[in-house]
Novice: 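This is the structure I have questions about; it appears just below.
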Amino acid sequence: MVKLSPSIFGADFGRLNEQIKAVEDCNVEMLHIDVMDGNYVPNIAFGPDQIAMLRPHTDLFFDVHMMVTEPDRYIERIVKAGAQMITVHAEATTHLHRSLMLIKSFGVKCGVVLNPATPPDVLKYVLDDIDMVLVMTVNPGGGGGAFNPTMIEKVREIKEMIGDRDIDIQVDGGVNADNVKSLVDAGANVIVAGSFAFTGDVAKNLDDLRKAADA
Ligand SMILES: O=C(CO)[C@H](O)[C@H](O)COP(=O)(O)O
Ligand SMILES: [Fe+2]
């Protein structure tokens, strides 16, 4: 069984409450929240204050994807805002292990994000410290990008590295009902979807995505 984590970045912000209720009604396992700092990625989106504003409106598990240069500067504020899982880019922190330990010190789950061009080797010495690996299937920083099929092989490679450890593999970027099965077959079990989830009928989209993933 896969876990779905719709990306709020893809939502219609004029109807945010309604869109959050729609994903809740689909019994999704997480809500994916992108933090973009305008430095690590060109785009700017969501900071700790906006996450804190969302927190009283839903009990969904907050899966926060930090696209932030030197994320340690914001980790405590993001935890206090209500994050339950924080992922940081291996490419964006000078001290990956230190960042992961900082996240864990607050009692929340942690994960490592890899851009499409980043090889999985960087995970080797932190595998016993993480709850999730996030494989970017587009370059980070925006929604609606085209899925990079080369990442299917990368997911497979990471699945093999993980062995019998209890580590989730999340995929993010351009994921839809047509490509999700190839990712799940390769080993992904946490599916992020932004534009696919929120364009049109949210309930139908998430139902289609789950059915395709679990087929
Ligand atoms: O991290 C991200 C982009 O950097 C996102 O989670 C983004 O919301 C994915 O959107 P889409 O499913 O439309 O590609
Ligand atoms: Fe994301």
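Each ligand, and each atom within it, is numbered from 1 in the order the structure gives.
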Novice: Between Asp25 and Lys21, does any side-chain N to carboxylate O distance fall below 4.0 Å?
Specialist: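 Result for this pair is no, no salt bridge flagged.
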Novice: Check Arg156 with Glu153, please: is the shortest side-chain N to carboxylate O separation under 4.0 Å?
Specialist: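 Yes, Glu153 and Arg156 are salt-bridged.
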Novice: May I ask you to decide whether Lys80 forms a salt bridge with Glu76, counting only side-chain N to carboxylate O separations under 4.0 Å?
Specialist: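 Yes, charged N to carboxylate O under 4.0 Å.
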Novice: Is there a donor in the side chain of His32 and an acceptor in the side chain of Asp34, or the other way round, less than 3.5 Å apart?
Specialist: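 His32 vs Asp34: donor-acceptor pair found between side chains.
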Novice: In terms of side-chain geometry, is the basic nitrogen of Asp49 or Arg77 positioned less than 4.0 Å from the acidic oxygen of its partner?
Specialist: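 Looking at Arg77 together with Asp49, the answer is yes, because their closest N to O distance falls below 4.0 Å.
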Novice: Scan Asp208, Asp201, Asp207 and name whichever one has a salt bridge (charged side-chain N to carboxylate O under 4.0 Å, His left out) with Lys204.
Specialist: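 The passing option is Asp208.
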Novice: Given a heavy-atom cut-off of 4.0 Å, could you list the residues near ligand 1 in chain and number order?
Specialist: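 Ligand 1 pocket, heavy atoms under 4.0 Å: Ser7, Phe9, His32, Asp34, His65, Met67, Met136, Pro140, Gly141, Gly142, Gly143, Gly144, Asp172, Gly173, Gly174, Val192, Ala193, Gly194, Ser195.
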Novice: What's the verdict on ring-ring contact (aromatic ring centres under 6.0 Å, His included) for Phe46 and Phe13, showing C-alpha distance, side-chain angles and the deciding distance?
Specialist: CA-CA 12 Å; Phe46 266 95; Phe13 276 62; 5.7 Å; yes
Novice: Let's test this: below 2.8 Å, count the protein N/O/S atoms around the Fe ion (ligand 2).
Specialist: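 For the Fe ion (ligand 2), the figure is 4.
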Novice: Would you say Ile158 and Val122 are hydrophobically clustered, going by side-chain heavy atoms of ILVMFWY under 4.5 Å?
Specialist: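 Yes.
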Novice: Using only atom types and a distance under 3.5 Å, with no angle test, would you say the side chain of Lys3 pairs donor to acceptor with the backbone of Gln170?
Specialist: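 Looks like no, no N/O pair under 3.5 Å.
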